[in-house]
Amino acid sequence: MPLECMRVFQEAKDCFVYGQYVATVVLASAFAEHWLGGLLQASGHEKVATQGLAAIVGHYRKAGTLPPILCEQLDTLRRIRNPFVHLKDFDHPHNLGQRMLKRRTHPDSILEADAKLALATMYSVAVHARAQA
């Protein structure tokens with residue numbers, strides 16, 4: 001595992017422990033993108049490896065080399081992450097404010113659940129990648 005991936009993996013866990021849930025989500029998705037993209041690059045799929053998490057997941061989904069449930073979790077994680085790293089309109093359905101209004105739940109509760117999903121997904125990616133190695 002490249003040093004960057006290892007550090008992102010560790011820091012995602014640390015962020016969760018300290019209640020930094022947005023950072024957990026962002027770092028866990030970064031780990032998934034780096035790790036899965038690296039595997040694609042190593043197998044000769046350099047172009048898709050650099051096109052972002054949506055393209056990477058799409059490739060794995062089409063190839064059938066990741067379990068469908070893991071592809072779904074990765075897409076969910078990507079949708080949760082995107083409003084934190086890309087500017088979105090106020091009424092974008094994946095913004096924290098819109099999710100809070102729809103669920104009528106405190107944003108901290110939503111973020112904690114998001115971070116738990118992010119860690120579970122990150123671990124699943126690591127386990128799946130290890131099993132294929």
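Keep in mind it's a predicted model, so treat the numbers as computed, not measured. Reckoned from all heavy atoms, side chains included, excluding hydrogens, waters and symmetry mates.
The pair R78-E33 fails the salt-bridge criterion, with no side-chain N (NZ, NE, NH1 or NH2) lying under 4.0 Å from an Asp/Glu carboxylate O. By the 4.0 Å N-to-carboxylate-O rule, R81 lies too far from D114 to be salt-bridged with it.
Ring-centre distance between F9 and Y123: below the 6.0 Å cut-off.
Side chain of N95 to backbone of D89: a donor-acceptor contact under 3.5 angstrom is found. The closest donor-acceptor contact from the side chain of H34 to the backbone of P2 lies at 3.5 Å or more, if one exists at all.
L36 and V8 fall within a single hydrophobic cluster, where Ile, Leu, Val, Met, Phe, Trp and Tyr are joined by side-chain heavy atoms under 4.5 Å apart, directly or via other members. At a threshold of 4.5 Å between side-chain heavy atoms, the hydrophobic network of Ile, Leu, Val, Met, Phe, Trp and Tyr places V85 and I80 in two separate groups. Under the 4.5 Å side-chain heavy-atom criterion for grouping Ile, Leu, Val, Met, Phe, Trp and Tyr, W35 is connected to F16 within one hydrophobic cluster. When hydrophobic clusters are built by joining Ile, Leu, Val, Met, Phe, Trp and Tyr residues whose side-chain heavy atoms come closer than 4.5 Å, directly or via intermediates, L70 is not grouped with V25. A continuous path of ILVMFWY side-chain contacts below 4.5 Å connects V125 to M6, so both sit in one hydrophobic cluster.
Counting only heavy atoms from C-beta outward, the side chains of N82 and H94 never approach each other to under 4.5 Å. A heavy-atom distance below 4.5 Å is found between the side chains of Y60 and L39. The closest side-chain heavy-atom distance from L27 to C15 is below 4.5 Å.
Atom CZ of R99 sits about 11.0 Å away from atom NE2 of H92, to the nearest 0.5 Å. Separating the CG atom in D91 from the CG atom in L101 is a distance of 11.5 Å, to the nearest 0.5 Å. Separating the OG1 atom in T105 from the CE atom in M100 is a distance of 9.5 Å, to the nearest 0.5 Å. How far CZ of R7 is from CD of Q10: 6.0 Å, rounded to the nearest 0.5 Å. M122 contributes atom CE, which lies 11.5 Å from atom CG of L117 (distance to the nearest 0.5 angstrom). From F31, atom CZ reaches atom CD of E4 across 12.5 Å, with rounding to the nearest 0.5 Å.
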* To do: Please step through side chain to side chain contact (heavy atoms under 4.5 Å, CB included) for the pair L66 and R61, ending with a clear verdict.
  => CA-CA 6 Å; L66 278 182; R61 182 178 274 128; over 6 Å; no
* Is there a side chain to side chain contact (heavy atoms under 4.5 Å, CB included) between V48 and H45 once you walk through the steps? -> CA-CA 6 Å; V48 71; H45 296 94; 3.7 Å; yes
* To do: Please test K116 against Y21 for side chain to side chain contact (heavy atoms under 4.5 Å, CB included), starting from the C-alpha separation and ending with a verdict.
  => CA-CA 9 Å; K116 287 177 182 178; Y21 300 134; over 6 Å; no
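Smallest separation of non-hydrogen atoms from L77 and A118: CD1-CB, 3.5 Å. Contact detail for A28 and A12: the closest heavy-atom pair is N-CB, 4.1 Å.
Applying the side chain to side chain contact (heavy atoms under 4.5 Å, CB included) test between L74 and each of V57, I56, I69 identifies V57 as the sole match.
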